[in-house]
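When a residue number appears, it is its place in the shown sequence, counting from 1. Bear in mind that the values here come from a model prediction, so they are computed numbers and not experimental data.
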Amino acid sequence: TRLSEDAFRRACVHESGHALVGQLLRVVSGNIPVAVRVRRESLAQHNDPGETEFYRVPGFDRTKAAYLAEITALLAGLAAEDVILGGHAEGSGGAERSDLHLATVIAARLEGSLGLGGSLVYLVSSDDAKLMKQVRQDSHLRRQIHAMLKACAHRARTLISQNHEKLELLASKLAQQSHLTSADIATLV
């Protein structure tokens, strides 16, 4: 399916949000954006019109700040749509491995497994399926995760608002080339 111009622009803005915030927070998160891709056509087996690839620095100190920065970068696509386009569409969620799914799993690890949330209580192992089952069953845990995700989304919106010219430059270059490398991202940001 060929994307409309509006849908393609949204994909470029979304992926540029990940790249921008990822680049800005790379020193804190230990994750470096290395490639951004968008497609004008969506394949049946690959519904997502774009992707941003990150490289995790081996041996990086995974503190609470690092995890929160990673969540912020995951929510930056949605935040970029909100800031630049006035609202977000469905592209951040709806499937396993989506931005919202990954951000929720990381937040659940912080709150329920790693002792890096609001409590030191160990609730469940870091296994994704067990974590998500615990999240579905525990309304208090859901509220804690929601608050964490909301704070990270706010941080992403703030960073994008402060750097909206850079985001527009990234999105424009991405629309022209359909692919940006880590060098392109570093140069443009």
Side-chain angles (χ1 to χ4, degrees), residues 1-57 60 65-104 106 149-189:
T1 305
R2 185 159 178 85
L3 297 178
S4 68
E5 285 305 313
D6 287 344
F8 184 69
R9 165 107 168 106
R10 182 174 299 281
C12 291
V13 166
H14 182 102
E15 297 307 326
S16 294
H18 291 307
L20 172 69
V21 173
Q23 183 70 16
L24 293 173
L25 297 179
R26 71 192 182 286
V27 173
V28 178
S29 71
N31 292 321
I32 302 166
V34 293
V36 184
R37 294 174 198 82
V38 291
R39 292 172 287 287
R40 287 193 176 270
E41 295 186 3
S42 178
L43 306 174
Q45 70 272 21
H46 193 78
N47 274 340
D48 193 0
E51 62 187 337
T52 303
E53 182 182 335
F54 286 84
Y55 170 75
R56 178 167 288 152
V57 176
F60 191 82
Y67 283 105
L68 293 175
E70 184 176 358
I71 293 170
T72 301
L74 281 165
L75 298 178
L78 178 148
E81 290 182 46
D82 285 345
V83 171
I84 303 300
L85 304 174
H88 62 273
E90 64 185 356
S92 292
E96 298 274 329
R97 312 300 300 162
S98 68
D99 299 337
L100 290 176
H101 175 256
L102 294 172
T104 300
I106 293 168
L149 296 178
K150 191 173 179 178
C152 288
H154 177 75
R155 182 180 183 194
R157 283 187 198 94
T158 300
L159 288 168
I160 288 163
S161 294
Q162 292 169 343
N163 295 278
H164 64 89
E165 298 91 1
K166 292 176 183 176
L167 185 120
E168 289 285 8
L169 188 58
L170 280 166
S172 175
K173 197 72 151 170
L174 185 57
Q176 292 170 6
Q177 297 177 194
S178 296
H179 180 265
L180 297 176
T181 65
S182 59
D184 297 328
I185 297 164
T187 300
L188 294 169
V189 173

What residues, two or more places apart in sequence or in another chain, satisfy salt bridge (charged side-chain N to carboxylate O under 4.0 Å, His left out) together with R157?
D82
With sequence neighbours excluded, what pairs up with E53 under the side-chain hydrogen bond (donor to acceptor under 3.5 Å, both in side chains) test?
R37
Residues at least two apart in sequence or cross-chain that pass salt bridge (charged side-chain N to carboxylate O under 4.0 Å, His left out) with E5, listed by chain then number, are R40
Contacts of type side-chain hydrogen bond (donor to acceptor under 3.5 Å, both in side chains), residue E90, not counting sequence neighbours:
none
For a quick test of reading the model, state the closest non-hydrogen atom pair linking S98 to G93 and the distance between them.
OG-CA, 3.5 Å
Taking atom CZ of F8 and atom OG of S178, what is their separation to the nearest 0.5 Å?
4.5 Å
Side-chain donor-acceptor distances from residues 15-28 under 3.5 Å, at least two apart:
| from | atom 1 | to | atom 2 | distance (Å) |
| --- | --- | --- | --- | --- |
| E15 | OE1 | T52 | N | 3.1 |
| E15 | OE1 | T52 | OG1 | 2.6 |
| S16 | OG | C12 | O | 2.7 |
| S16 | OG | A171 | N | 3.1 |
| H18 | ND1 | A73 | O | 2.7 |
| H18 | NE2 | H14 | NE2 | 3.1 |
| H18 | NE2 | D99 | OD2 | 3.0 |
| R26 | NH1 | Q23 | O | 2.5 |

Does any pair with a residue in residues 162-180 pass salt bridge (charged side-chain N to carboxylate O under 4.0 Å, His left out), and if so which ones, sequence neighbours excluded?
R9-E168
CD1 of I32 to CD1 of I185, rounded to nearest 0.5 Å, is 10.5 Å
Applying side chain to side chain contact (heavy atoms under 4.5 Å, CB included) to A103 and not counting sequence neighbours gives I71, L74, L75, L149
Residues passing the side-chain hydrogen bond (donor to acceptor under 3.5 Å, both in side chains) test with Q177, sequence neighbours excluded, are none
Hey, does the side chain of H154 reach the backbone of K150 with a donor-acceptor pair shorter than 3.5 angstrom?
no
Applying side-chain hydrogen bond (donor to acceptor under 3.5 Å, both in side chains), can you list everything that pairs with T181, at least two apart in sequence or on another chain?
D184
Polar side-chain atom of E81 near backbone of A89 as donor-acceptor pair, under 3.5 Å
yes
Looking at residues at least two apart in the chain, or sitting in another chain, which of them share a side chain to side chain contact (heavy atoms under 4.5 Å, CB included) with S161?
V83
Minimal non-hydrogen separation, F60 against A66, with atom names:
CE2-CB, 4.0 Å
With sequence neighbours left out, write down each residue that passes side chain to side chain contact (heavy atoms under 4.5 Å, CB included) with A95, or none if nothing qualifies.
none
Got a sec, which pairs hit ring-ring contact (aromatic ring centres under 6.0 Å, His included) with one end in residues 166-189, sequence neighbours left out?
none
